[in-house]
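Shown next, in structure tokens, is the structure this report addresses.
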Amino acid sequence: MLVSHGTMAEGLRRAAEMVFGSLPDVRHVCLSEDKGIAQFEAELSAVFEELPGGEPVAVLCDVNGGSPYNTSLRLLEQMGRLETASVVSGMNLPLLLVLLMAEDSGRETVKAAIDGARDSIQMFEPRQEDEDEEL
């Protein structure tokens, strides 16, 4: 489940589909400027209702404390599903790809995927050639 401001969640899903092909089990809900929070909440609630009960679910959100994140937590709590859900902020493509390759969406799997995604964030550093080094 992908949830974001703007079209980030949709774009992330489309990017993952370039790697895996069609992903019918991956759903996304986007909060856009032309959609009020009430409509966003209703759409998100409908998607949560479609999820199989009792099974772990990973909900990837763009920003910790943002409306999509907070709304996800509130709805999952109201549905009694917060204990089996892993709500994660800071979603990115490496995180999603690792989770899609995983066998389950349990908390330990999600924690390991977060570690892998965190390790994927790198800054390129040009190699400094030593002036004394001969070629």
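We number each residue from 1, following the sequence as shown.
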Reported CZ-to-OG distance for the pair Phe40 and Ser45, which is rounded to 0.5 angstrom: 11.0 Å

Provide the closest heavy-atom pair for Thr71 versus Leu44 in the form atom of the first, atom of the second, distance. CG2-CD2, 3.9 Å

Heavy-atom closest pair (Arg107 atom, Ala85 atom, distance to 0.1 Å) is NH2-O, 3.0 Å

Indicate the atoms forming the closest heavy-atom contact of Ala102 with Thr109, along with that distance. CB-CG2, 3.4 Å

Salt bridge present between Glu17 and Arg14 (N-O < 4.0 angstrom): no

To the nearest 0.5 Å, what is the distance between CE on Met8 and CG on Leu31? 13.5 Å

Atom pair CG (Leu93) and CE (Met18), whose distance is rounded to the nearest 0.5 Å: 10.0 Å

With respect to Met91, which candidate in Leu12, Leu96, Leu99 satisfies the side-chain contact (heavy atoms from CB on, under 4.5 Å) definition? Leu12

To the nearest 0.5 angstrom, please state how far the OG atom of Ser120 sits from the CG atom of Leu97. 9.5 Å

If you compare all heavy atoms of Pro94 against all heavy atoms of Asn92, which two are closest, and at what distance to 0.1 Å? CD-OD1, 3.2 Å

Within a strict 4.5 Å, meaning less than it, do heavy atoms of the Val29 and Met1 side chains meet? yes

Would you say that Phe20 contacts Val26 through its side chain, given a criterion of any heavy-atom pair below 4.5 Å between the two side chains? no

Tracing side-chain contacts under 4.5 Å among Ile, Leu, Val, Met, Phe, Trp and Tyr outward from Ile121 reaches none

More than 12 heavy atoms of other residues, nucleotides or ligands under 6.0 Å from CD of Glu33: yes or no? no

When you compare the side chain of Phe48 with that of Met79, does any pair of heavy atoms fall below 4.5 Å? yes

State, with a plain yes or no, whether a side-chain heavy atom of Cys30 is found less than 4.5 Å away from one of His28. yes

Looking at Gly80, is its backbone amide N or carbonyl O close enough to the side chain of Glu83 to form a donor-acceptor pair, meaning the two atoms are under 3.5 Å apart? no

Tell me the closest heavy-atom pair linking Ser105 and Ser86, and the distance in Å. O-OG, 4.2 Å

Side-chain donor-acceptor pairs under 3.5 Å in residues 51-69, sequence neighbours left out?
unit_1	atom_1	unit_2	atom_2	d
Asp62	OD1	His5	ND1	3.4
Asp62	OD2	His5	N	2.8
Asp62	OD2	His5	ND1	2.8
Asn64	OD1	Tyr69	OH	3.4

From Leu76 CG over to Leu82 CG, what is the distance, rounded to the nearest 0.5 angstrom? 6.0 Å

If hydrophobic clusters are built from ILVMFWY residues whose side chains come within less than 4.5 Å, do Leu23 and Val98 share one? no

Hey, mind stepping through Glu77 and Arg74 against salt bridge (Lys or Arg N to Asp or Glu O under 4.0 Å) and telling me if it holds? CA-CA 5 Å; Glu77 183 177 40; Arg74 186 175 60 256; over 6 Å; no

